[in-house]
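The first residue in the sequence is number 1, and the count goes up from there. Source: prediction; values computed, not measured.
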Amino acid sequence: MVLECGEREMGSRGAATVVSQLTRASRMRSKLQTALEASVLEIEDVSHQHAGHAAMREKANSNGETHFNLKVVSPKFEGQSLVKRHRMVYDALADELQSGLHALSIVAKTPQEIVLNPK
């Protein structure tokens, strides 16, 4: 499942219910958008590709949402090394990493880098 910017999941019983019903991908989207002000934010759940791995079996309560591919384009990455950009993503997702998120594949670019090399 890939969620594009602006997509959200909504519950019907108020804020507490909405938060409890959100998928990990939706929570990640919200946290990354808030922290990084992303102009492009693509989140792909690839957990199914790791279904037989030990980490997936150990995290049975995580609803299978443990492995994600991310593409983030943010002006906040300007002047930052690749390592620093990844740290910024990990910092934004610290709660998710503590609650079952196991692996991220991250593409972190600035808007200028996307203009120069759109891939």
Side-chain angles (χ1 to χ4, degrees):
M1 171 163 106
V2 176
L3 296 174
E4 299 298 331
C5 276
E7 291 185 11
R8 305 185 318 169
E9 293 186 20
M10 299 298 290
S12 60
R13 295 186 191 174
T17 302
V18 171
V19 170
S20 68
Q21 291 179 354
L22 291 177
T23 64
R24 183 179 308 276
S26 295
R27 293 190 310 268
M28 289 168 55
R29 170 167 304 287
S30 176
K31 291 172 184 180
L32 290 167
Q33 190 63 47
T34 299
L36 301 175
E37 301 171 6
S39 57
V40 174
L41 183 53
E42 297 175 6
I43 300 173
E44 180 183 14
D45 185 350
V46 293
S47 302
H48 64 280
Q49 296 174 355
H50 305 273
H53 298 179
M56 289 292 288
R57 290 191 300 269
E58 293 168 9
K59 305 210 184 285
N61 64 345
S62 67
N63 222 13
E65 298 177 288
T66 57
H67 294 70
F68 290 86
N69 293 337
L70 302 177
K71 179 179 181 181
V72 184
V73 178
S74 171
K76 291 193 172 190
F77 293 149
E78 290 287 345
Q80 304 297 330
S81 69
L82 183 59
V83 171
K84 176 62 175 168
R85 294 173 188 192
H86 283 220
R87 284 184 185 147
M88 293 167 72
V89 170
Y90 285 119
D91 288 348
L93 299 177
D95 291 345
E96 298 299 329
L97 288 161
Q98 292 297 315
S99 67
L101 176 58
H102 177 72
L104 295 172
S105 173
I106 303 169
V107 174
K109 301 215 178 240
T110 67
Q112 181 66 17
E113 290 169 334
I114 291 298
V115 169
L116 296 174
N117 185 9
K119 288 188 176 191

Would you say the side-chain atoms of S47 pair up with the backbone N or O of H67, donor to acceptor, closer than 3.5 Å? yes
**Asked** Under the 3.5 angstrom rule, does the side chain of E78 hit a backbone N or O of P75 as a donor-acceptor pair?
**Response** no
State, with a plain yes or no, whether a side-chain heavy atom of L70 is found less than 4.5 Å away from one of L93. yes
NZ (K84) and CG (D91) are apart, to the nearest 0.5 Å, by 6.5 Å
One should read off an interatomic distance between H86 NE2 and S81 OG, to the nearest 0.5 angstrom, of 9.0 Å
Taken to the nearest 0.5 Å, the spacing of S74 OG from Q33 CD works out to 8.5 Å
Q. Counting only heavy atoms not in Q98, do more than 12 sit closer than 6.0 Å to its CD atom?
A. no
Contacts of N69 meeting side chain to side chain donor-acceptor pair (under 3.5 Å) (sequence neighbours excluded), chain-then-number -> E44
Checking the side chain of E65 only, and the main-chain atoms of L101 only, is there a donor and an acceptor separated by less than 3.5 Å? no
Any non-hydrogen side-chain atom of R85 less than 4.5 Å from a side-chain atom of V89?
no
Residue pairs meeting salt bridge (Lys or Arg N to Asp or Glu O under 4.0 Å), one or both in residues 94-108, sequence neighbours left out, come to R24-E96, R27-E96, K31-E96
Of all heavy-atom pairs linking V72 and A38, the shortest is CG1-CB, 4.1 Å
Less than 4.5 Å apart, any side-chain heavy atom of V40 and any of I114? no
Rounded to the nearest 0.5 angstrom, the CG-CZ distance for L82 and R87 is 10.5 Å
Self-check item: Within one Ile-Leu-Val-Met-Phe-Trp-Tyr cluster: L41 and L97, side-chain cutoff 4.5 Å
Solution: yes
Distance col, row R29:CZ vs T23:OG1, nearest 0.5 angstrom, shows 9.5 Å
Is there a continuous path of hydrophobic side-chain contacts, each under 4.5 Å between heavy atoms, that joins F77 to Y90?
yes
